[in-house]
Amino acid sequence: MAKQYWLMKSEPHVFSLEDLKNAPNSTTHWDGVRNYQARNFMRDQMKIGDLVLYYHSNCDEIGVVGVAEVCKESYPDHTALDPDSHYFDPKSSQENQRWFMVDIKWEQAFKRTVTLQEMKATPELESMRVIQRGMRLSVQPVEKVHFDKVVEMGTA
DNA sequence: GCCAACGTTGGC
DNA sequence: GCCAACGTTGGC
C-alpha cells in the first residue's frame, strides 16, 4: 500500500514534539485516544512508515510543529485496563479490547510552527480537515498534497 | 476561563 | 431508535 499521511494532535504541556524527541528511541505509544473514529484510523489503517504531522493544540502557538513516523502498528492500549490511569475504561477488558494505539517515532522538527491561522489562510490547504470549524478529531488522515505543503511551509 | 461544537450515554 | 443531558475538546 502507498504511504499514507496523518495528523495527530497533542497538548504540548502533556506531550510535546520535544518530549517525543527526548523519549527513549525518540518513540512513544500513542495512548489515551478514546474516540472511535480516531481509534479506527489507528487500528485499521495506520501502517509502518506512514508519516504524521505533529500538531500542538490548546497552547500559545497552535499548529503543526514537525513530523513523526508510524513505527509500530496497532495493538491494545493497556491504559484502558488500568484502574489508576486517567484513561481507564471499565468497559474495556483483556478479552474484549476496546481501545488501540500505535507507536510513533520522532522524525523532524520544523524550523518554525505552521500555525493554524496560517493554514487557514493558505488556499492550497482549504479542504484540510484540521482547519474546519469544530474539528475535534485527534487522529485524522491528511492528503499528500496537504502534507507536502505543510512540510514545505515549516521547513522553508 | 469561556463557550460553541461535538460525541457519548442512557431513559424512554 | 430518538433525543435530552452531560462531558470533552480546543480555539479564542
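In what follows, chains are A, B, ... by sequence order, proteins preceding strands, each numbered from 1.
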Atom CD of A:Q140 and atom C1' of C:dT9 are separated, to the nearest Å, by 13 Å
Please state how far atom CG in A:D60 lies from atom P in C:dG10, giving the value in whole angstrom units. 17 Å
What integer distance in Å separates A:Q117:CD from C:dC12:P? 7 Å
Just compare B:dT9, C:dG10, C:dC12 and give me whichever is closest to any side-chain atom of A:R98. B:dT9
Is there a donor-acceptor contact under 3.5 Å from the side chain of A:E126 to the main chain of A:T122? no
Is it the case that atom CD in A:Q117 sees more than 12 heavy atoms from other parts of the structure closer than 6.0 Å? no
Run the salt-bridge test on A:K149 and A:E152 with the 4.0 Å N-O cut-off and return the result as yes or no. yes
Rounded distance (Å) that lies between atom P of C:dG10 and atom CG of A:L7: 10 Å
Residue whose nearest DNA chain B nucleotide is more 5′ - A:R133 or A:N58: A:N58
Rounded interatomic separation in angstrom, taking CE from A:M119 and P from C:dG10: 13 Å
Could you check how far CG of A:L116 sits from P of C:dT9, rounded to whole Å? 18 Å
Assign a letter to each nucleotide of nucleotides 3-8 of chain C from its 5' end: B, base within under 4.0 Å of a protein heavy atom; S, sugar-phosphate only; -, no contact. ----BB
Please name the pair of heavy atoms, one in A:T27 and one in A:C71, separated by the smallest distance, quoted to 0.1 Å. CG2-SG, 3.7 Å
Can you tell me the distance, in whole Å, between the NE2 atom of A:H13 and the C1' atom of C:dT9? 11 Å
Value in whole Å for how far the P atom of C:dG11 lies from CD of A:Q132: 13 Å
Please identify which of these residues, A:R34, A:R98, A:Q97, meets the side-chain hydrogen bond (donor to acceptor under 3.5 Å, both in side chains) condition with A:D77. A:R34
Is there a donor-acceptor pair under 3.5 Å between the side chain of A:T113 and the backbone N or O of A:G63? no
Distance check: side-chain N/O of A:K9 vs OP1/OP2 of C:dG11, anything under 4.0 Å? no
How close do A:D19 and A:V14 get, counting heavy atoms only, and between which atoms? OD2-O, 4.0 Å
